[in-house]
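This report refers to the structure that appears directly beneath it.
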Amino acid sequence: VDDLIIAEMFLVQATIESATAIGDGLSALGRRITTSDDSGLAPADSIGEALRWLADSVVEPYTSRFRYLRDFQSSDD
């Protein structure tokens with residue numbers, strides 16, 4: 001039961017962090033769409049880069065907490 005409670009807490013934390021990352025990513029995406037890009041990238045490349053960053057940022061909180069929970073459970077064995 002203790003592992004279930006810890007897993008649920010991790011899920012809540014990861015969801016909050018992911019929601020923040022989505023908000024930040026949408027803001028960055030909006031800036032890239034509305035401003036000119038001095039890096040020389042085509043607009044589609046710039047937007048693609050922002051979307052890749054967004055996807056990585058949204059998934060990371062879940063993967064890191066799942067990895068920690070697995071390590072925590074294996075250390076108890």
Side-chain angles (χ1 to χ4, degrees):
V1 175
D2 292 334
D3 289 345
L4 179 60
I5 293 170
I6 291 171
E8 288 176 347
M9 287 182 356
F10 283 164
L11 177 63
V12 169
Q13 289 175 339
T15 302
I16 291 168
E17 284 185 33
S18 290
T20 301
I22 290 170
D24 293 346
L26 290 175
S27 294
L29 189 58
R31 282 191 304 275
R32 289 186 186 222
I33 289 172
T34 59
T35 61
S36 63
D37 189 11
D38 295 332
S39 68
L41 292 174
D45 293 337
S46 179
I47 292 170
E49 183 181 298
L51 290 174
R52 279 189 293 280
W53 176 86
L54 177 59
D56 291 343
S57 298
V58 168
V59 171
E60 192 281 327
Y62 294 101
T63 57
S64 63
R65 282 168 178 77
F66 181 72
R67 188 178 316 112
Y68 179 79
L69 184 61
R70 261 194 340 214
D71 292 345
F72 179 74
Q73 287 176 332
S74 66
S75 70
D76 285 345
D77 295 338

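Computation of the quantities below employed the complete heavy-atom set of this structure, encompassing side-chain atoms and omitting hydrogens, waters and symmetry-equivalent molecules.
Tracing side-chain contacts under 4.5 Å through hydrophobic residues (I, L, V, M, F, W, Y), one reaches Trp53 starting from Leu26; they form part of the same cluster. Follow the hydrophobic side-chain contacts under 4.5 Å out from Tyr68 and you reach Ile6 in the same cluster.
Taking 4.5 Å as the limit, some side-chain heavy atom of Arg65 sits within range of a side-chain heavy atom of Glu17.
Of the inter-residue distances, the one linking Asp24 atom CG with Leu54 atom CG reads 9.5 Å to the nearest 0.5 angstrom. Between the CG atom in Asp3 and the CZ atom in Phe72 there is a gap of 6.0 Å [rounded to 0.5 Å]. Annotation: the span from Met9 atom CE to Ile5 atom CD1 amounts to 8.5 Å, rounded to 0.5 Å. The CG atom of Leu11 lies 12.0 Å from the CZ atom of Phe66; values are rounded to the nearest 0.5 Å.
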Applying side-chain contact (heavy atoms from CB on, under 4.5 Å), run through Asp71 and Arg67 and close with a yes or a no.
CA-CA 6 Å; Asp71 292 345; Arg67 188 178 316 112; 4.1 Å; yes
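Of all heavy-atom pairs spanning Pro61 and Ser64, the tightest one is O-OG, 3.3 Å.
Residue pairs meeting the salt bridge (Lys or Arg N to Asp or Glu O under 4.0 Å) criterion with at least one partner in residues 50-63, sequence neighbours excluded, do not occur; the list is empty.
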